[in-house]
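Below is one structure, written out as structure tokens, with a few remarks after it.
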Amino acid sequence: MLAQLANLELVARTAVEGMLVGLHRSPAFGFSQEFAEYRAYVPGDDLRYIDWSVYARTDKTYVKRYFGDTNCQLMVLLDTSASMDPLDTPSTGAVSKLNYARFFAAALVYLAARQHDAVGLLAFNEGIQVYRSPAAQPARVRTLYHELDGLESRGGTDWQQALEYVQTRLRKKSLLVVLSDFYTEPEDLSHVLRRLAVRGHDLLLIHVLDPGEREVRLEKAATLRDVETGEVMEVSPDELAADYPKRLQSHVDSLEKLTHGMGGHYLQVYTDQPLDRTLAGYLRFRARHF
Amino acid sequence: MYLLTAAFLAGFVLLAVPWWLHRLSAHAAEQHAFSSLLLMRPSHAPVHMRRKLQHLWLLTLRLLLLSAACLAFTQPMLKLAGSAGLSITPAPDRVIVLDASLSMNRFASGGSGERAFSEAQRTAHALVRSLPPAGRAALVAVGGQIELEAPLTDDRARLNTAIASSAPGTARLLLDGLLGRIANLTGTLASPGEPLEVHLISDFQATAMPDQFNALIEGSIWPVTLHPVGSDAQNWAVTHLSFRYGNQRRAQASPKTVEVTVRGFATPARAIDVILEQNTLPVGRQNVVVPADGNTTVRFELPPAERGHTTWLARLDVDDALHDDNARRLVRADREQTPLPVITSGERSYAYLRAAVQAAAPNFVPVRQTVPQDLAVPVVVLADPGVLLGSTERALTRFLHSGGAVLLTAGPATRSAGSLPLLDTPLTPGRFDQTSRGIVAIDRSHPVLAGFAAWRDLRVFQVVKAAGAEHATGEVIMALDDGTPLLVEHPVGRGRLMVLTTALDPEWSSLVVRPAFVTFMANLLGYLAEDLLPAEALVGQPFAIPAQSVQLFDAAGARVLGLADTVGRPTVSVDVPGVYQLRTPSRTRPLAVNTDVWESDLRRAPDELLARWQAATARTGIAANKTSVPERTGDTTHTQPLAPWLLALLALLVLAEPLLANGRLRWNMRT
């Protein structure tokens, strides 16, 4: 488990640092470790960031703050329903949606920790699988890697329960990053997401899809079974090729519209897309909002 | 085959098996897991229906396959439109009966032309040709016996082959009860309830008809159609052959003359040469005039006979309709002089015995002895011996066990001795029943009683009775009317002991004073010496051989009947005329087998009798309402068997089913 944890953290660190190297070469992002200001020490702050020279001079403890230190709170909501890792799905991706989302969530955790942001985790499916309230302590952050590594996909998706769970526990405005394949009607999401937006939370919906779901290719007519609901449907390749892309685009558009309508941001990624690129998209979102 | 047959119904139950399997697989379509069907829409063309349809094709194919297999075995028929004019209702199966007796070997006229049997074969072939499609027939040959030449079959080739390969024999056919015997045979040919019709092809000789008309139809259960063949033809035959001793004592004589009787049947007066051969050597030839439809007897003087058996052959030199009866055979066995040891204690018994033997069995020479001196004889007589010396009894016991025969008669000495010698059977002591008793023949078929009918008139005054059931091991041939055994045969080792419980004495029974006593003694001694072998027999007629182990050889020396065929006292028959040899372990005797003179009269029975017989059997028994005569109706249909077509369809389905099941045949259903 520790070895796996180390791998997940390592993956996250590699992805983030690699991305940051790229970002530092580009002045456009403005993400740096330049000293920005001092802030009075509050219990719980990392002692490594106490400016001891200031303490020597003033007998007061101040914590250094850098550019990029936003002091925001990040909450990662990870969908662990069965659709995130089904069997036999026509897929061309190297990893399942759950694993991709898991890695991305780990990268977010690492990035947040690097930025001294508090980060929490909610893994949900038809119930609450894991909940960790946001925290910046390294030990708590390492716990998140552990939890992420132990997640398994199963069951259906109960959005309402998951989002209401978060809503009742987050007292501070947070950045809510929702990682899911969003196989639900946008209308079912809008009510709960809107309440979160009203409370001042920033929403980032990351729509994770398998390349096989972008283009469903069948050689012959087949019977498909929904891994969450068990519903069975007979589909023909001709009809699928003609209509499915349109319905998928329509669904994506609906989600994006819904998200933008609440002041949030929508990001669609496929599991064959490099993780750092996805992180870069996330950072662009952050840069615009923080 | 009936549709309710259990096997047929079970076959149809099997049709449910593929249906059940298809139903199971129809719902077990392969499914692919997918993240969500939110963005999917069901196909307008029912995929399941397409798969269902493929399944349905396969299901239909398999059901057809099983149905074809079931139906093929029911041999269904299809009524099809046939040629106009005649409607033949399904005809019953036919039993074609061919007369294969001697008379069917006749020529049409004067020794030339077509044989009657050939005409019968043509008639049989015509009956086979006239069978309806899928109609069946059987072929039976009747002569001395009834033989099934071909069982019920629709194979015309087989029937025609059987007809062509059949041939007439030399036996006599009796029409008395023939239909009953054929009915018994047909019971083994056809299933119960299946109608039959009998076609009897014969020359219907007048001499083959029974005395009473009912005997012709007795036992008949099927309608019979008579097919007379052959025509009345002139025929002469040797009907009788015998030899005469002249005026000499038979005991020392050899035959001096042979008499030959020639008979003409439906013949004009004609001079015919009669030839006689003795031991295959010609003796004489005489030209005699046989009166019209009459007979004449010609006598031949015989040359001195050589030692040994003698055979005579009398034949006619005439070209008539039937040749097989133009010869007749006669044999005379040369019975060598055989000593007959007689051990007796009474003069009277010996006297009566000797007189009977000399009169009826001259080949036996009675020799009175007190102790047996030479037991290289077939028979020893103990005539009231009384008490035997121990050495004598032991010698006689060895004689019996080695295959010899002993005739033991009772008497006063035996009664005084208190036991029967050799059997060591104690006799009931005390006073015996003095009231005369009549005789009851227990085994009338026994050779000892052949020609001895006078036993009914005999009275027995005294007998010896065995104490207890000592006679139980023997075969009681004759008994008194109170059940007391009179003549008992005991098997001892390989030999036989014949016990007469009365004495050869008029004070004991009236047997010895009756002329029949001579025949009785001749039979007794002949039986014990195994010398009652028949000298003549008729072809095809069973005759008895009163001997234990007999073999029959023909003139060429080939064995006709072996020991296995003649176990016990068998009844056998011979199919070919000629001179045979009967061989027992102790002797060889010739046997003359001749044709039956009744077959020589080739005249047919009156047409009125045949018509009456035909009418009486036309609508008989079970098939009374069925007829094989074609009926003129408005329908023009005939039946066509479907089994071959169903079997061909079955073969095609067996080939097609795996192709479809393996998916090599694809259906493109555009939706």
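A pairwise comparison of heavy atoms in Leu39(B) and Arg247(A) identifies O-NE, 2.6 Å as the closest pair. Residues Pro42(B) and Glu239(A) share a closest heavy-atom pair of O-OE1, 3.6 Å. Of all non-hydrogen atoms in Ser43(B) and Ser236(A), the two that sit nearest each other are OG-CB, 3.4 Å. Closest non-hydrogen pair, His32(B) versus Ala222(A), comes out as CD2-CB, 3.6 Å.
Residue Ser81(A): no heavy atom, backbone or side chain, is found under 4.5 Å from chain B. Lys246(A) does not touch chain B: none of its heavy atoms, backbone or side chain, sits under 4.5 Å away.
Separating the CE atom in Met84(A) from the OG atom in Ser36(B) is a distance of 12.5 Å, to the nearest 0.5 Å.
At most 12 non-hydrogen atoms from other residues, nucleotides or ligands lie less than 6.0 angstrom from CD of Glu152(A).
Test Thr229(A), Leu224(A), Val232(A) against Leu37(B) for side-chain contact (heavy atoms from CB on, under 4.5 Å) and you get one pass: Leu224(A).
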